[in-house]
Amino acid sequence: MAVFNKLDNVEDLYEIGEVLGSGHFGQVREVRERATGAHWAGKFLKIRKCASSRLGMERKSVEREVEVLQALQHPNIMALKDVFESRAEVVLVLELISGGELFDFIAEKENLTESEAIEFMKQILLGVGFMHSKQIGHFDLKPENIMLSAKMAPNTDIKIIDFGLAHRFQPGEEYKCMSGTPQYIPPEVINYEPLSTAVDMWSIGVITYILLSGMSPFQGDTDEETLRNIIALNYKFDDHHFSMTSAMAKDFIQKLLVKDQNERITAQECLQHPWIKPLTRKQVANRNRSSINMKNFKKFNAKRKWKMSYNMVWVCNRLHRLKMLCKTSALADEELRQCESDQEDTETKPSSLIRRRLSSSS
Ligand code: ATP
């Protein structure tokens, strides 16, 4: 069981600063260590008071996230420094990641060759490969969870974040879980079949497809249509969007978007694939000649950001309505604060919001 620091109050040791981001169960804020002046990120997670409550996170889930992070010390994985616990909240003190999301960084560029994109892919694979070597699956790999350590290239490294859905496999364990974000989940998740770390490899296939073309391979008009496309393996490399893509890159994606998880290539195998590790001069030249479809990628990213802010506005409006209700009812302030982290209790459709609501695991 994960051990939390119960003796100290986080605010005694850290000065709490600006909000860096928000998740389903709380906020991430910049924090400054009083003793050293060093800057970190504090992830403030509201904890469910009782099993029947729908507000906040189950303590067990937080413990799982902490245990996973404690097992993962790798340059491409966000590091955990400390954990604090109070009655209603757990605070994870994390490595501060200041470079923003990889996709935003790329979208600001005029153009990007496949070789440059591969440098980022390699780091993602190194982080994921390390995770898998520890029998840990992330289970929520998507652009929002791939960040950069700093804003300035070339001194920027990939950092994989958000281990809220991660799972550490015990030997011989059968693990099923129906959660994740529709665009990025493989057929075995939708079919509620036993899972393996190969789930992450499918997501990497989807991310690579998007990175190169600015298109999402299975995206339908509704989540239901997206899930149907995934089950039917209904995707193609249309000439219009993939005209600048190398054959090696397509082969790499094809080896990841494989229905049978046992047939999907692993992170280690990906690192040996000629697209990532070319063996001949011709392969190197092919990569340098090919580039990502920047015009379309920028469009995809703008739409993705718009959807994210739409979700945020929806949540804010809902909170506003809750506050109005609370003013006229006897709901105490403490309870209201808990409502503010309860973004799972929602009837909305955007996929990132229904994500955990749809989840069930065994
Ligand atoms: P979700 O509900 O999407 O799973 P979550 O509650 O698990 O989210 P995170 O995804 O871990 O929370 O963090 C929310 C946001 O906070 C991130 O999208 C990112 O913008 C920011 N963030 C998280 N960790 C860090 C960090 N270590 N440094 C800087 N920013 C961070």
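All ligand and atom numbering here is 1-based and tracks the order in the structure. Note: hydrogens, waters and symmetry copies are ignored here, and every other heavy atom, side chains too, is used.
Counting heavy atoms closer than 4.0 Å to ligand 1, residue Ile161 contributes side-chain atoms (C-beta onward) but none from N, CA, C or O. At a 4.0 Å heavy-atom cut-off, ligand 1 touches Val28 through the side chain alone. Only backbone heavy atoms of Ser22 (N, CA, C or O) come within less than 4.0 Å of ligand 1; its side chain stays farther off. Using a 4.0 Å cut-off between heavy atoms, His24 contacts ligand 1 through both its backbone and its side chain.
Looking at Glu95 next to ligand 1, an N or O pair under 3.5 Å apart turns up. For ligand 1, one of its N or O atoms has an N or O atom of Ile97 under 3.5 Å away. The distance criterion of under 3.5 Å between nitrogen or oxygen atoms is not met by Lys142 with respect to ligand 1.
In this comparison of Glu65, Lys43, Glu144, the heavy atom closest to atom 12 (O) of ligand 1 sits on Lys43.
Side-chain atoms of His273 and Asp251 form a donor-acceptor pair, as typed in the model, at a separation below 3.5 Å. Counted by atom type alone, Asn288 and Ser115 present one or more donor-acceptor pairs between their side chains at under 3.5 Å.
Residue Gly21 places a heavy atom under 4.0 Å from ligand 1.
A distance of 6.0 Å or more separates the ring centres of Phe25 and Phe44.
Around CG of Asp12, the count of heavy atoms belonging to other residues, nucleotides or ligands within 6.0 Å exceeds 12.
Closest approach of Phe300 and Gly214 over heavy atoms only: CB-O, 3.3 Å.
Listed by first and then second residue, the salt bridge (charged side-chain N to carboxylate O under 4.0 Å, His left out) pairs that reach into residues 112-131 are Glu119-Lys122, sequence neighbours excluded. Applying the salt bridge (charged side-chain N to carboxylate O under 4.0 Å, His left out) rule to pairs touching residues 256-267 yields Glu188-Arg264, sequence neighbours excluded.
Heavy-atom proximity to Ala41, at under 4.0 Å, picks out these atoms of ligand 1: 26 (C), 27 (N), 28 (N).
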